[in-house]
Amino acid sequence: MKNIEELINNTIHNNELVKINDKLYLTKEQMAILDVNHINYQSCSSITEILLLIEDILSTEPDDFDDLDEVAKSLQEFQYYHYTNK
């Protein structure tokens, strides 16, 4: 039972949104992955800018960055559902 509680608490902690600026929020997990890949998300003003930086890295060696690809997919999904007029 303790392992389940720990797993739940870690999941909640990793998926907590952190405000980067007025238009940009990232989860702690996304920030950690971006940090590992040396992507300066703090200087970005939008999700689009982060996606362009990620795309630059993925275009060079797409097979080595599965976690970064997942971040890109989740940011694209967030952007679609929050900023697209439906």
Side-chain angles (χ1 to χ4, degrees):
M1 191 68 163
K2 184 178 179 183
N3 290 337
I4 293 173
E5 279 187 37
E6 187 176 324
L7 178 65
I8 290 170
N9 288 335
N10 286 339
T11 302
I12 290 170
H13 176 74
N14 288 339
N15 289 304
E16 181 180 345
L17 286 173
V18 177
K19 184 177 181 178
I20 307 303
N21 60 42
D22 290 338
K23 295 182 179 181
L24 183 60
Y25 291 84
L26 298 171
T27 66
K28 291 182 179 183
E29 184 176 19
Q30 290 169 333
M31 290 171 27
I33 292 169
L34 293 171
D35 285 336
V36 166
N37 290 285
H38 308 290
I39 295 177
N40 188 8
Y41 58 87
Q42 295 95 342
S43 67
C44 295
S45 62
S46 68
I47 291 174
T48 304
E49 287 183 46
I50 294 175
L51 290 172
L52 290 172
L53 294 174
I54 292 172
E55 186 61 34
D56 286 344
I57 292 173
L58 292 178
S59 66
T60 59
E61 297 179 42
D63 296 334
D64 294 341
F65 297 102
D66 291 336
D67 55 349
L68 196 55
D69 189 42
E70 287 300 316
V71 170
K73 287 177 184 176
S74 67
L75 289 174
Q76 288 168 338
E77 184 177 317
F78 180 86
Q79 185 174 16
Y80 174 79
Y81 285 109
H82 286 87
Y83 298 112
T84 302
N85 293 331
K86 298 171 199 80

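In this chain, numbering begins with 1 at the start of the sequence shown.
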Apply salt bridge (Lys or Arg N to Asp or Glu O under 4.0 Å) to Asp56 and list each qualifying residue two or more places apart in sequence or on a separate chain. none
Got a sec, which residues hit salt bridge (Lys or Arg N to Asp or Glu O under 4.0 Å) with Lys28, two or more places apart in sequence or on another chain? Glu16
Assigning hydrophobic clusters by single linkage (Ile, Leu, Val, Met, Phe, Trp, Tyr; side-chain heavy-atom cutoff under 4.5 Å), is Leu51 placed with Val18? yes
Please answer: with hydrophobic residues joined when any side-chain heavy atoms are less than 4.5 Å apart, are Leu17 and Val71 in the same cluster? no
Show me the donor-acceptor pairs, under 3.5 Å and distance only, between side chains in residues 3-13 and residues at least two apart or in other chains.
from  : atom 1 : to   : atom 2 : distance (Å)
Asn9  : ND2    : Glu5 : O      : 3.3
Asn10 : ND2    : Glu6 : O      : 3.4
Thr11 : OG1    : Leu7 : O      : 2.8

Asp66 CG to Leu58 CG distance, which is reported to the nearest 0.5 Å: 9.5 Å
What distance separates Leu26 CG from Phe78 CZ, expressed to the nearest 0.5 Å? 9.0 Å
[X] side chain near [Y] side chain, heavy-atom distance below 4.5 Å:
X	Y	answer
Ile20	Met31	yes
Val36	Asp67	no
Ile33	Glu70	no

Where Asn14 and Thr27 come nearest, the two heavy atoms and their spacing: O-CB, 3.5 Å
Work out which heavy atom in Tyr41 is nearest to a heavy atom in Leu24; give both atom names and the distance. O-CD2, 4.0 Å
Glu49: what forms a side-chain hydrogen bond (donor to acceptor under 3.5 Å, both in side chains) with it, not counting sequence neighbours? Ser45
Check the pair Ile54 / Leu34 against side-chain contact (heavy atoms from CB on, under 4.5 Å), numbers first and verdict last. CA-CA 9 Å; Ile54 292 172; Leu34 293 171; 3.9 Å; yes
List in chain and number order the residues that pass side chain to side chain contact (heavy atoms under 4.5 Å, CB included) with Ser74, two or more places apart in sequence or in another chain; answer none if no residue qualifies. Gln30
Apply side chain to side chain contact (heavy atoms under 4.5 Å, CB included) to Leu53 and list each qualifying residue two or more places apart in sequence or on a separate chain. Ile39, Cys44
